[in-house]
Amino acid sequence: MEYKVEAHRIMSISLGKIYNSRVQRGGIKLHKNLLVSLVLRSARQVYLSDYYGGVCLNAQHVEAKEWELMDGDQEKLIPASEESLPSTTACDQTEAAEVPEAPQPEETDSSLAVEGPEDPCEAVEGPEDTSSTEPQAEQESSSSVDSTCDVSVPSPVVSEPQCEAKQATVSSLDCETDANLAMSAEGNSHQPPKAHSCSNRKRSAEKKASHGSPVKRTKVTSSNADEEEAEEMDTSNVSNLITIFGSSFSGLLSKDNSEPEAETDESDSGSGQICCDQMLKNLNPWNTAIVAF
Amino acid sequence: MELPLHCKLFLDVHLIPDSADVISAVEFSQSGEFLATGDKGGRVVIFQREPQGEYNVYSTFQSHEPEFDYLKSLEIEEKINKIRWLPQLNSAHFLLTTNDKTIKLWKVSERDKRPEGYNLKDEEGRMKDISKITSLQVPVLRPMDLLVEASLRRVFANAHAYHINSISINSDCETYLSADDLRINLWNLDITDRSFNIVDLKPENMEELSEVITVAEFHPHHCHLMAFSSSTGTTRLCDMRSRALCDQHAKLFEEAVDPANRSFFSEIISSVSDVKFSHSGRYLLTRDYLSAKVWDLNMENKPIETYQVHDYLRSKLCTLYESDCIFDKFECAWNGTDSVIMTGAYNNFFRMFDRASRRDVTLEASREVCKRRAVLRPRRVCVGRKKRESDVSVDSLDFRKKILHTAWHPTDNIIAIAASNNLYIFQDRHINRVFSKTFWAVFLVHSSLNLYTI
């Protein structure tokens, strides 16, 4: 899938640019970073365009759980998320189907759910995409890049609200597990504060919440990351994000607790490339952050 | 046919993009007598047109210094983003210069006489011995060598949270606007401690940010009209009479994007990098990455003319994205009669388009081809095989050599081209020549570093 390789490459480059913009003289340039974020979003959508293979079948099943999760307290998040782990697993398996290294039975329902609110247009085109040629899929997904699509176009997909909720959960789980595909009980060992803060971010940036999850999982799968390694990187992910945006990271820091701030020092660990990989797993907080300054 | 070559008039070129001498702003004065350039190091150089027609250095001063924002731990670049001349009201000349955060009003005045014969001071300025003074004298003004002084008259600071990208002086000559990524402020030239916000695009939730302001400009004749362009490719015309906050536009100029040309980088290349009203005030010229468009103010849904500046780059967008070239902001310019538009490109090429005949020309501004009084040869970029020896293939274009800043004399056919740290001034040999001949003579070549005549 050439376009996926291309899309992935563009995503890495974009993240590298955002990372480097932090150390640029004169401060972060809002215009350039906004454009880079748009490219990143386009590339991501193209990268995931293959996921729109079917209708959101499981959405209704998990709907009840998700809404409970959304409305409930923060403390409920952990038990609720544990509950939803099976659905996450299903989700992950769906994305894993995309990755050559780990072929899984096709379950495209949750993939559509994940992408739902972000691209109602794409949700409609989902069924079409599976049979379409690559360039066409790329084109169709690219054509719905415009973020105004989210707000102004009423979603033709009935299950979209459920997808939205589901994706919020999925995304929050991402934050916790750092997108590990083999998940089972792994997800249980989450750090409660992190989950807390992550879900906060996700809710406030619902539209962009889906960014992180599928890409994250796929990335981990494709890079064959170790489960433990994924969890270790979780901490540095957020810290990298924090350090990337430095002191102007007000939006994110206000929601996070002191934990990320403490980790700020250990940042700058990786090069831009490593950070890219890490950030690909954590796109949503980044997306929030990039405009938060 | 070439004219005999004369000596070059500049120093070595340092093609280091980060050099403090890279020119970042070029602007003719309203009469065209003066030309101001600003560079990355915060310096402004003003050239004056001599009676023979040549431009020579008139004044040089340090406009902005690097600053540090302690609150955000950010360095503020001293690079001059824009220069705008005020209409001349008396013998002095005023210009606004701006960097990312601060706008300054400079007065450039000449002094060619000085008072001599003070009672208490001697010629060197030392105090005289009072006991030795026996008579009173009245100081008289005697001619002296011309001294050009630049003095700072106003500092308009602390009004922009984001990077200032444009300033524009109103036709009322009393107010001006300054625009950053999200806001546009209206100032009075005499009042520095307050400004009015007239456009605010900052969303409640910054996460919903979808567009930023790229350029803003006042209408040349109507003091209530201003236009600003955005990163989404739209240009808005705002009427300041309708409401105080002009978030709602009076007109929105936007062309539907051809879906066939969609790519990852569609948004970036549609971002408008420059907006210029025509001298007549009837048209708008906008520049995006690959094209220049002329809009009639009366028609919003599409431009009346579209000029492809370097469409051959469309297939190279990914490479240009990697090298950051896709973020280059090219300026554009009208000629005095609004019949020709000009804009820069890569490889030190710049292009001119004649609106009536639809003919265009590509010229190069570089030391190799620009000898004094030489005639510029039109260049061609070919996508495939070279048809002529002088053709340049797309793959051999040097993307480090970019012409971002160009200016056209308000009335005459004189253009100023900034290529890295070199300033080229070209003049048409025949002032009244019809554009279709497309030959331009190299009139003068300057370097912003130093000048010497060989």
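What you see below is based on every heavy atom in this structure, not just the backbone, and it leaves out hydrogens, waters and symmetry mates.
Every residue was checked against the ring pair (Phe, Tyr, Trp, His ring centres under 6.0 Å) condition with Tyr312(B), not counting sequence neighbours, and none meets it. Not counting sequence neighbours, Phe228(B) has no partner by the ring pair (Phe, Tyr, Trp, His ring centres under 6.0 Å) test.
Annotation for Gly27(A) and Leu74(B): closest pair CA-CD2, 3.6 Å, computed over non-hydrogen atoms.
Side-chain contact between Leu35(A) and Phe265(B) is absent, with no heavy-atom pair separated by less than 4.5 Å. Within the 4.5 Å cutoff, the side chain of Glu267(B) has no heavy atoms near those of the Leu34(A) side chain. With contacts defined as side-chain heavy-atom distances shorter than 4.5 Å, the pair Leu209(B)/Leu30(A) qualifies.
Contacts of Ser266(B) with chain A are absent, with no heavy-atom separation under 4.5 Å from either backbone or side chain. Interface remark: Ser271(B) contributes side-chain atoms only to the contact with chain A (heavy atom separation under 4.5 Å). Of the atoms belonging to Leu182(B), it is side-chain heavy atoms, and not backbone ones, that fall under 4.5 Å from chain A. If you measure heavy-atom distances from Lys329(B) to chain A, the contacts under 4.5 Å come from the side chain alone. If you measure heavy-atom distances from Phe68(B) to chain A, you find no contacts under 4.5 Å at all. For Glu67(B), no part lies near chain A; criterion is any non-hydrogen pair under 4.5 Å.
Distance check, rounded to the nearest 0.5 Å: CD1 of Ile268(B) to NZ of Lys32(A) gives 9.5 Å. Within the model, atoms CZ of Phe264(B) and CD of Gln45(A) stand 10.0 Å from one another, a figure rounded to the nearest 0.5 Å. Here the straight-line distance linking atom CZ of Phe327(B) with atom NZ of Lys29(A) works out to 12.0 Å at 0.5 Å rounding.
Around atom CD of Gln248(B), no more than 12 heavy atoms belonging to other residues, nucleotides or ligands sit under 6.0 Å away. Residue Asp247(B) places its CG atom among more than 12 non-hydrogen atoms of other residues, nucleotides or ligands, all under 6.0 Å distant.
With respect to His31(A), the side chain to side chain contact (heavy atoms under 4.5 Å, CB included) criterion is satisfied by exactly one of Asn165(B), Asp180(B), Val212(B): Val212(B).
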